[in-house]
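Take a look at the structure below.
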Amino acid sequence: MSRRPGIGQEAVRRGNMSALLTQVHLQGPTTRAALTTALGLNRSTIGDLTSQLEAMGLVASTRPEHGNGRIAEITPKGKALIAEMLRWK
């Protein structure tokens, strides 16, 4: 069976991870709820992407002092990756 041309799931996932990392870089510490709104992705997708970026050491998640939810913040490793990406544009 031949594959139809187009964007595969892996490419979409990478694009979403890049968008999330860029959003956190530009906005600073950002709640997952704000990321859901800004990126137009559902909560579980944002949670999965954030967890993957955390496992890669590119973002860190913390709990706010007051209220619920989690806050994503870019790490020094994430900042270095963004800088590298900008050099190649």
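Side chains included, hydrogens not; waters and symmetry mates left out as well; all remaining heavy atoms used. Computed from a predicted structure; not experimentally measured.
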### Carboxylate-amine/guanidinium proximity below 4.0 Å for Arg32 and Glu54
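So Arg32 pairs with Glu54 through a salt bridge.
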
### Task
Please name the pair of heavy atoms, one in Thr75 and one in Gly57, separated by the smallest distance, quoted to 0.1 Å.
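Smallest heavy-atom distance, with atoms named: OG1-O, 2.6 Å.
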
### Thr50 to Ser61 - nearest heavy-atom pair and separation
CG2-OG, 3.4 Å

### Query
Does the Lys77 side chain pair with the main chain of Val59, one donor and one acceptor, at a distance under 3.5 Å?
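No; judged by distance alone, with no hydrogens or angles, the pair does not exist.
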
### Task
Would you tell me whether Asn42 and Thr45 have side-chain atoms, one donor and one acceptor, within less than 3.5 Å of each other?
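There is such a pair between these side chains.
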
### Message
Side chains of Glu10 and Arg13, heavy atoms from C-beta outward: is any pair under 4.5 Å?
### Response
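SC-SC contact between Glu10 and Arg13 confirmed.
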
Please list, one pair per line, the donor and acceptor atoms closer than 3.5 Å that link side chains of residues 18-31 to other protein atoms, with sequence neighbours excluded.
unit_1	atom_1	unit_2	atom_2	d
Thr22	OG1	Ser18	O	2.8
Thr30	OG1	Gly28	O	2.5
Thr31	OG1	Ala34	N	3.0

### Query
Crowded around Arg43 CZ? As in, over 12 foreign heavy atoms under 6.0 Å?
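No.
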
### Query
Distance from Leu39 atom CG to Ile46 atom CD1, nearest 0.5 Å?
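If we round to the nearest 0.5 Å, Leu39:CG and Ile46:CD1 are 5.0 Å apart.
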
### Query
Going from OG1 on Thr62 to CD1 on Ile71, what distance comes out if it is rounded to the nearest 0.5 angstrom?
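If we round to the nearest 0.5 Å, Thr62:OG1 and Ile71:CD1 are 5.0 Å apart.
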
### Message
Could you walk me through whether Leu41 and Asn16 satisfy the side-chain contact (heavy atoms from CB on, under 4.5 Å) test, starting with their C-alpha distance in whole Å, then the side-chain angles of each, then the deciding distance to 0.1 Å, before giving a yes or no?
### Response
CA-CA 9 Å; Leu41 300 171; Asn16 287 338; 4.0 Å; yes

